[in-house]
There are 2 protein chains.
Amino acid sequence: MAKRANCKEKILDAAEAVVMEMGAVRMSLDVVAKKAGVSKGGLMYHFSTKKGLLKGMIERMVRQFFADREALVKEISPGKGRMLKAGILTALRPDEKRERMGLSILVVAAHDPELLKCLKDVHREHLKDMAASGLNLERAAIISLASDGLMLSEMLGMSPYSPSLKKKIMDTMVMMIEELESGKR
Amino acid sequence: MAKRANCKEKILDAAEAVVMEMGAVRMSLDVVAKKAGVSKGGLMYHFSTKKGLLKGMIERMVRQFFADREALVKEISPGKGRMLKAGILTALRPDEKRERMGLSILVVAAHDPELLKCLKDVHREHLKDMAASGLNLERAAIISLASDGLMLSEMLGMSPYSPSLKKKIMDTMVMMIEELESGKR
DNA sequence: GACACTGTACCGACCGGTCGGTATACTTAA
DNA sequence: TTAAGTATACCGACCGGTCGGTACAGTGTC
């Protein structure tokens with residue numbers, strides 16, 4: 001056969017869809033396989049354990065986040081806070097991809113929290129970038145954390161912010177980064 | 001008999017401990033019962049379904065958060081940002097109780113996300129308080145979100161911040177609230 | 001025939017939930 | 001005083017079903 005270079009992607013998509021529709025604890029291999037339109041054997045061929053599937057989910061998520069940020073950063077005028085802005089705008093962009101990203105974190109956290117260590121590495125690098133950017137570290141971290149908080153709250157379905165207020169908050173975040181850039185504090 | 005007013009509490013403690021030790025998906029009724037030192041039947045007597053147990057977990061968590069904040073707010077000098085400060089300091093106080101609080105959110109999110117709606121209500125009320133406080137709403141929200149972000153990141157084990165940096169970040173948050181109070185911004 | 005898969009049947013552990021039963025304390029009323 | 005009845009708290013065997021994982025016999029393509 002060999003026509004499926006994207007078979008793994010299809011399975012990963014299915015896994016996210018299952019989590020979205022049925023909840024994190026109900027993401028079993030059988031239902032993911034069915035959703036992806038492959039047999040259980042087929043799924044096991046690509047991901048030999050459930051842990052492998054979970055790992056595949058976060059790794060793809062991280063890859064996708066970096067790719068999206070990469071694409072966005074070009075549209076932002078240069079400055080010390082450019083990367084921070086791009087990160088926030090990427091994480092908070094209101095689309096289904098972003099929603100699925102949160103779900104991936106949730107399933108993995110529920111099943112095998114140690115797999116999230118790779119996200120810790122991502123955050124650590126992010127922190128290093130911030131420290132090197134010349135912005136006030138604590139204040140930059142707070143803005144970055146606020147973005148995480150908003151994303152995570154939405155993923156848990158407990159964000160009380162309307163889309164319009166969310167938009168205003170995002171604008172204010174960008175403004176605060178610019179204040180940091182100008183040293184105004 | 002009647003000596004056990006705290007039997008439910010004991011079970012809730014056990015449930016949190018199980019999540020902490022074994023992960024959210026492994027929190028089964030059998031192991032919670034064993035951990036609590038009661039039989040399965042005993043557990044089912046107090047919480048007739050798993051959903052009931054989960055509900056008990058978040059409800060206790062919310063109660064505890066408010067009680068702790070209530071106690072803390074008295075120690076903070078009056079001002080428009082008093083409640084916000086107390087909330088942040090309560091959510092971020094580094095102790096085991098706080099750690100367990102995050103875990104409760106995680107299990108519930110994994111098993112039955114709709115039970116988190118009560119947290120949405122809590123946040124909504126919090127937002128109303130902020131709007132009424134006279135502080136700049138977007139900026140106050142950002143600080144509050146940063147506190148959520150830090151707590152949630154820690155709960156997921158993906159916070160890259162050292163305790164000392166975390167402390168500095170918390171201090172900066174308090175400082176920013178005071179800037180907001182003085183209308184400097 | 002080697003490779004890249006698919007489909008299905010199956011395993012044992014574990015899941016949430018039920019059920020019949022027990023022990024103890026309190027209430028009632030003959 | 002005591003026997004009967006009621007309510008509360010708890011036990012643990014058990015049920016049907018689901019889980020992650022295995023085994024293996026195909027199947028179409030190079």
Side-chain angles (χ1 to χ4, degrees), chain A residues 1-58 103-104 106-115, chain B residues 1-58 103-104 106-115:
Chain A
M1 186 152 303
K3 75 178 164 168
R4 287 265 157 280
N6 56 348
C7 187
K8 279 191 159 199
E9 293 294 313
K10 200 175 58 178
I11 292 171
L12 259 9
D13 287 341
E16 286 174 356
V18 168
V19 180
M20 187 134 69
E21 286 164 27
M22 310 173 57
V25 285
R26 245 94 41 186
M27 195 202 84
S28 67
L29 300 181
D30 293 77
V31 334
V32 171
K34 183 174 276 184
K35 186 89 187 177
V38 301
S39 66
K40 184 162 179 182
L43 193 161
M44 299 308 280
Y45 179 80
H46 291 289
F47 299 98
S48 59
T49 62
K50 187 171 191 181
K51 189 169 178 170
L53 173 60
L54 261 3
K55 205 171 156 200
M57 292 177 82
I58 15 157
L103 263 359
S104 295
L106 181 59
V107 222
V108 173
H111 282 86
D112 203 334
E114 82 167 57
L115 289 175
Chain B
M1 177 147 315
K3 75 176 167 172
R4 287 265 156 284
N6 55 348
C7 187
K8 280 190 160 200
E9 292 294 312
K10 200 174 58 177
I11 292 171
L12 258 11
D13 287 342
E16 286 175 355
V18 168
V19 179
M20 187 134 69
E21 287 165 27
M22 309 173 59
V25 284
R26 243 94 41 187
M27 195 203 83
S28 67
L29 299 180
D30 291 78
V31 333
V32 171
K34 184 175 277 187
K35 186 89 187 178
V38 301
S39 68
K40 178 129 178 219
L43 192 160
M44 299 305 283
Y45 177 79
H46 292 288
F47 299 98
S48 60
T49 62
K50 189 173 189 180
K51 190 169 177 170
L53 174 59
L54 262 3
K55 205 169 156 203
M57 291 177 82
I58 15 159
L103 264 358
S104 295
L106 182 59
V107 222
V108 174
H111 282 86
D112 205 333
E114 83 166 55
L115 289 176

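So that the names make sense, note that chain A is the first sequence line, chain B the second, and so on, each numbered from 1.
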For D:dC10, does either OP1 or OP2 sit under 4.0 Å from a side-chain N or O belonging to B:H46? yes

Do the side-chain N or O atoms of A:S39 get closer than 4.0 angstrom to the phosphate oxygens (OP1, OP2) of C:dG7? yes

When you compare the side chain of B:M57 with that of B:M27, does any pair of heavy atoms fall below 4.5 Å? yes

Minimum-distance pair of heavy atoms, taken over all atoms of B:L53 and B:F47: CA-CD2, 3.7 Å

For B:V38 and B:L43, the nearest pair of non-hydrogen atoms, with its separation, is CG2-N, 4.0 Å

What string of B, S and - do you get for nucleotides 14-23 of chain D 5' to 3' if you count protein non-hydrogen atoms under 4.0 Å? -----SBBB-

Suppose we screen for salt bridge (charged side-chain N to carboxylate O under 4.0 Å, His left out). Which residues come up paired with B:K50, at least two apart in sequence or across chains? none

Mark yes or no for whether B:R26, through its side chain, and B:E21, through its backbone, hold a donor-acceptor pair below 3.5 Å. no

Roughly how many Å is it from OH in B:Y45 to C1' in C:dT22, rounded to a whole number? 14 Å

Nucleotide D:dA13, atom C1' - distance to CG of B:L43 in whole Å: 17 Å

Pairing of A:E114 and A:K51 as salt bridge, 4.0 angstrom limit: yes

